Protein chains: 2
Amino acid sequence: MTDGVAERSRPRDRILETAQDMFHKHGIKGVGVDAITEAAGTNKMTLYRHFESKDELVIECLRATAAKGAAVWDEFEAQHPGDKLAQLHAWVRKVADMLASDSRGCDMANAAVELTETDHPARRVIKELKQAQRDRLVALCRDAGIGQAELLADTLSLLFEGARVSVQTIGSEGPSAQFVRMAESLIASFRAR
Amino acid sequence: MTDGVAERSRPRDRILETAQDMFHKHGIKGVGVDAITEAAGTNKMTLYRHFESKDELVIECLRATAAKGAAVWDEFEAQHPGDKLAQLHAWVRKVADMLASDSRGCDMANAAVELTETDHPARRVIKELKQAQRDRLVALCRDAGIGQAELLADTLSLLFEGARVSVQTIGSEGPSAQFVRMAESLIASFRAR
DNA sequence: TCTAAAAGTTACAGACCGGTAACACCCTAG
DNA sequence: CTAGGGTGTTACCGGTCTGTAACTTTTAGA
């Protein structure tokens, strides 16, 4: 039994993996801890021995998801060592893939929508992780030799973020369908300056 | 008592107005029907006499919010009669105002995040309303005499949507701070073609 | 003023939620 | 073999949620 997730890892890891998946698919308030532990092949007590609350679990999930996202950037570096411009284009393609294969958007943005209390502990984490994402994109643009790297990175960030939310509302045939064209022509125009 | 919302209108209108406000601030799953009716100075039974379920209320709220948004477009026409380009610039300024004054994003996008069931009745409505928004922006760009009006409108849509979600996560000092500059230079570059 | 509809009130059903207590089990390190 | 930590099991607490029933009060129109 124990469902399809990580058959024989330790309970904590199974819980974390399952929770990421279920929070992503059904939202944070849309899934209870009982459902998570059952899908992870364990039980509620074990969850609360490893995480002090559901909120803590949510935060750990966000960190884990962000870490996976960061790993993708390392792949870009491995695939195009030293070629920052090629890595930027790889980022564009990767984003397009995400838009085509997933319609539930960004976990951090979704969490910010659901957790509305301004002092919710997850909000600090969300802000930090999002800023780190932005910083990394700015650095990539700068290292690719682009002038006004911040402006390009921020523009690409907004297009990316907007595309993910657009897929959630209109679908992948909406404005997000033009993402690659938008991003590529933006990069080209910034490079031309 | 009855709180600050629409002192002496009819209960249905007070409920609708209050629900829009509370859903916007606290999210759909973050507010119960009891809290809504209490803030609206009425009671649960009256709510269920006017709306057959919370889901129906949510849908009515989305329609009402979208109608308010549509009214803004009519203001643009009133302020710049016939001058579609001026209306497009007015739209950019309006978006900037929204970004500065509200950090809870778009109600439709937020609803799409919270209501994850693919067959949820609200999802049809969200898609329709979002498509209508898009169509209106495309028409404005086209009527402003811009070539590739769809591409410009879609790019502006993604920037807008992205900016709203960015405000929710990073805050108004993040990438969204450059929205006006991005939008204006985009419009200029499309006009130049 | 009389009447009928609308609105308010109270109580409740049934479900689900996050979180905890108490206890039994198993598996591995010594 | 044994001790102990990690895990599983069951039951429970108090709270919240959507939605309904039955009844009373207010309001508005003829």
Side-chain angles (χ1 to χ4, degrees), chain A residues 1-3 5-20 22-23 25-62 111 114-117 119-123, chain B residues 1-3 5-20 22-23 25-62 110-111 113-117 119-123:
Chain A
M1 261 357 73
T2 72
D3 143 304
V5 180
E7 213 38 61
R8 269 311 93 179
S9 45
R10 305 179 64 184
R12 187 181 196 280
D13 298 330
R14 276 179 289 156
I15 290 170
L16 205 51
E17 206 70 29
T18 307
Q20 283 176 69
M22 295 185 75
F23 286 151
K25 286 181 185 157
H26 311 298
I28 293 168
K29 298 191 178 172
V31 52
V33 291
D34 266 323
I36 293 170
T37 54
E38 187 188 339
T42 176
N43 55 77
K44 194 155 54 167
M45 271 312 303
T46 299
L47 187 153
Y48 280 103
R49 285 184 189 116
H50 289 289
F51 306 93
E52 69 177 24
S53 68
K54 185 184 180 182
D55 282 344
E56 275 306 312
L57 174 62
V58 168
I59 289 173
E60 289 302 307
C61 284
L62 291 175
E114 288 201 80
L115 310 176
T116 62
E117 305 102 313
D119 61 344
H120 193 289
R123 297 196 74 86
Chain B
M1 252 11 61
T2 71
D3 144 306
V5 181
E7 212 39 60
R8 269 311 92 180
S9 47
R10 304 180 65 187
R12 187 183 195 280
D13 298 331
R14 276 178 289 153
I15 290 170
L16 204 52
E17 206 70 29
T18 307
Q20 281 176 70
M22 295 184 74
F23 285 150
K25 286 180 185 159
H26 312 296
I28 294 169
K29 297 194 178 168
V31 53
V33 293
D34 266 323
I36 293 170
T37 54
E38 186 188 341
T42 177
N43 57 77
K44 195 156 53 168
M45 270 313 303
T46 300
L47 186 151
Y48 280 103
R49 286 187 189 111
H50 289 288
F51 306 93
E52 68 178 25
S53 68
K54 186 184 179 183
D55 282 344
E56 275 305 313
L57 174 62
V58 168
I59 289 173
E60 289 301 308
C61 284
L62 291 175
N110 291 355
V113 169
E114 289 202 78
L115 310 176
T116 62
E117 304 103 314
D119 61 343
H120 193 289
R123 298 196 73 87

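Throughout, protein chains are lettered first and strands after them, A, B, ... in sequence-line order, and every chain is numbered starting at 1. Please read all numbers here as calculations on a predicted model, not as lab measurements.
If you measure from atom NE2 of B/H26 to atom P of D/dT16, you get 16 Å, rounded to the nearest angstrom. Taking atom CZ of residue A/R10 and atom C1' of nucleotide D/dG8, one finds them 16 Å apart after rounding to whole Å. Look at NZ on B/K44: it is 12 Å from C1' on D/dA21, rounded to the nearest Å. The interatomic distance linking B/D34 (CG) with C/dT9 (P) rounds to 13 Å, in whole Å. As rounded to whole Å, 13 Å separates atom C1' of C/dA11 from atom CG of B/N43. Distance, A/E38 CD to D/dG8 P: 13 Å, rounded to whole Å. Distance B/R14 CZ to C/dG8 C1': 11 Å, rounded to the nearest Å. Atom CE in A/M45 sits about 8 Å away from atom C1' in C/dA21, given to the nearest Å.
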Got a list of protein N/O to nucleotides 26-30 of chain C N/O distances below 3.5 Å?
none

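Under the salt bridge (Lys or Arg N to Asp or Glu O under 4.0 Å) criterion, no residue pair touches residues 48-57 of chain A, with sequence neighbours excluded.
Remark: B/T46 is in phosphate contact with C/dG8, judged by side-chain N or O atoms under 4.0 Å from OP1 or OP2. Taking side-chain N and O atoms only, B/T42 has a distance below 4.0 Å to OP1 or OP2 of C/dG8.
Heavy atoms only, all atoms of each residue included: B/I36 and B/M22 are closest at CA-SD, 3.9 Å. The two atoms that bring A/A39 and A/T18 nearest to each other are CB-CG2, 3.6 Å, heavy atoms only.
The closest side-chain heavy-atom distance from A/R123 to A/D119 is not below 4.5 Å.
Taking five base pairs at each end of the helix from C/dT1-D/dA30 to C/dG30-D/dC1, the local helix axes there meet at an angle of 20°, rounded to 10°.
Applying the side chain to side chain donor-acceptor pair (under 3.5 Å) criterion to B/T42, with sequence neighbours excluded, gives no partner residue. Every residue meeting the side-chain contact (heavy atoms from CB on, under 4.5 Å) condition with A/F51, not counting sequence neighbours, appears here in chain and number order: A/R12, A/I15, A/L16, A/L47, A/L57, A/E60. In terms of the side-chain contact (heavy atoms from CB on, under 4.5 Å) criterion, residue partners of B/K44 (sequence neighbours excluded) are, by chain and number, B/V33, B/D34, B/Y48. Legend: residues meeting salt bridge (Lys or Arg N to Asp or Glu O under 4.0 Å) with B/K29, ordered by chain and number and at least two apart, are absent. In this view, A/E114 satisfies the side chain to side chain donor-acceptor pair (under 3.5 Å) rule with no residue, not counting sequence neighbours.
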### Task
For nucleotides 24-30 of chain D, just jot down a letter per nucleotide in 5' to 3' order: B, S or -, based on protein non-hydrogen atoms under 4.0 Å.
-------

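The stretch residues 48-58 of chain A touches DNA chain D through A/R49, A/H50, each having a heavy atom within less than 4.0 Å of the strand.
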